[in-house]
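What follows is a single structure, written as structure tokens, with notes after it.
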Number of protein chains: 2
Amino acid sequence: MARNKRLQDREEKQKEIMSAARTLFLNEGYDATSMSRIANIAGVAPNTIYWYFKDKDELLVNILNTELIDRFSTYIELQTKNIIERILWVIDQFKLVKQLVTTVHGRLHLSPEIYIWHERFHILVENLLRQELIQSGVEEGRIEAKVKIAIFTVEGLLAHELTDDEKHAICSELFKL
Amino acid sequence: MARNKRLQDREEKQKEIMSAARTLFLNEGYDATSMSRIANIAGVAPNTIYWYFKDKDELLVNILNTELIDRFSTYIELQTKNIIERILWVIDQFKLVKQLVTTVHGRLHLSPEIYIWHERFHILVENLLRQELIQSGVEEGRIEAKVKIAIFTVEGLLAHELTDDEKHAICSELFKL
DNA sequence: ACCTGAACACCGTTCAAGT
DNA sequence: ACCTGAACACCGTTCAAGT
């Protein structure tokens, strides 16, 4: 199975590069992380990364996707807790990705890949919030506006440093009525 | 008045640089605008900018401040219209600055100047929204949470492209009850 | 197919040298 | 005081050349 061996090697190398990029992106931020540093940690030449990924943006989108899948699958197993606790959990989880929220917004109109990823992400989260709002008994006509307010608030809570008490008060207010 | 002449020249040159930077920052974005292009339009050598401004971030903060003062002073004269119209006006005004909202959030932790500016800006807008919410009769205990939700929503409306109807529905929902 | 050294066309910023 | 040319230490990315 030479074919499979090759494929496995390729995936492994890809994962090494992504893992190096992931830690750097999360700790230092996207702009502050150079391809050279990623390559250094992954143990390859800087231009080798371009064999596995089209460019820096595609590398970011790949990391965002695996990150999203990981968190989302554990979210599903959280249906026992109440709405506010679930939303707070989401915010807490995404604290790590906080740096990248701003990066994504900033690169929307520079990278088509990121634009598409962002659209998909919003639809996903909006569906999730809509379901939560329906379940908590918000009347039909107000749901769409409330969904938008909710997602903007979640983004705000990610972008700005607030205390746990403030976060809790805001989430309660969000799902009141 | 050689002294005054000098001062005037200095301010004029500063304004020329800021005006060049302003148009480029708003149209192309902060990162996409190089100091060379700014210098080119302002008619100076790239490094001359550093005689007038400490660095690119300080240049941005200066532009943000004059922009803020301009818009804010006309906002004061808007007290006749109702709350929703006033907020929609704010969002419409800041559409131009949209690009820079993301930039500011992205550079918060890279530049102390921008960090301080952002804090001041938030306090200003929060005071404004708090006043609006008090006037529309929101009960004491819920005001602080509602203020945060309102400011996050305004930021969200700036960062994301929505239709006028959606914007209106969201603002009405924000100031309901 | 996979990886690299060298190069390209940029950055923001500094500094010695000019006026 | 004001302005500049030249240089510095970077970027992300490309490409011809190797295995």
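Order of the sequence lines sets the chain letters (A, B, ...), proteins ahead of strands, with each chain counted from 1.
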- Task: Summarise protein proximity over nucleotides 13-19 of chain C in one line of letters, 5' to 3': B for base, S for sugar-phosphate only, - for none, counting protein heavy atoms closer than 4.0 Å.
- Result: BBB----
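For A:Thr33 (side chain) and A:Gly29 (main-chain N/O), a donor-acceptor pair under 3.5 Å exists by modelled atom type. At least one donor-acceptor pair closer than 3.5 Å links the side chain of B:Ser73 to the backbone N or O of B:Ile69. Looking at A:Asn27, its side chain does come within 3.5 Å of a backbone N or O of A:Thr23 through a donor-acceptor pair.
Figure legend: cation-pi geometry between B:Lys13 and B:Tyr52 absent, as NZ or CZ is not positioned both under 6.0 Å from the six-membered ring centre and within 45° of its axis.
For residues 142-163 of chain A, every residue pair satisfying the ring-ring contact (aromatic ring centres under 6.0 Å, His included) rule, not counting sequence neighbours, is listed here: A:Phe152-B:His160, A:His160-B:His105, A:His160-B:His118, A:His160-B:His122, A:His160-B:Phe152.
One atom, NZ of B:Lys13, and another, C1' of D:dT4, lie 12 Å apart when rounded to the nearest Å. Between the P atom of D:dC2 and the CD atom of B:Glu16 lies a distance of 14 Å, rounded to the nearest Å. Atom CG in B:Leu110 sits roughly 14 Å away from atom C1' in C:dG12 (whole-Å rounding). Rounded to whole Å, the distance from CD1 on A:Ile49 to P on C:dC2 is 16 Å. The distance between atom CD1 of A:Ile17 and atom P of C:dC3, rounded to the nearest whole Å, is 8 Å. The nearest whole Å value for the distance from the CG atom in B:Asp31 to the P atom in C:dG12 is 9 Å. Taking atom CD1 on A:Ile38 and atom P on D:dC11, their separation rounds to 11 Å, with Å as the unit.
For D:dC3, neither phosphate oxygen OP1 nor OP2 lies less than 4.0 angstrom from any side-chain nitrogen or oxygen of B:Trp51. OP1 or OP2 of C:dC2 lies within a sub-4.0 Å distance of a side-chain N or O belonging to A:Arg10.
For A:Val44, the side-chain atoms get nearest to C:dT4 when compared with the rest of D:dT4, C:dT4, D:dC11. Across D:dC11, C:dC3, D:dT4, the shortest atom-to-atom separation from the side chain of A:Tyr52 is found for C:dC3.
Contact of the B:Thr103 side chain with the B:Phe25 side chain is not registered, since no non-hydrogen atoms from C-beta on lie closer than 4.5 Å.
With hydrogens and angles left out, the side-chain atoms of B:Arg37 and B:Asn40 include no donor and acceptor closer than 3.5 Å.
Applying the Watson-Crick and G-U wobble criteria (two distances, each under 3.5 Å), C:dT4 pairs with D:dA16.
Residue contacts for A:Thr48: at a heavy-atom cut-off of 4.0 Å it reaches a base atom on one of the strands shown.
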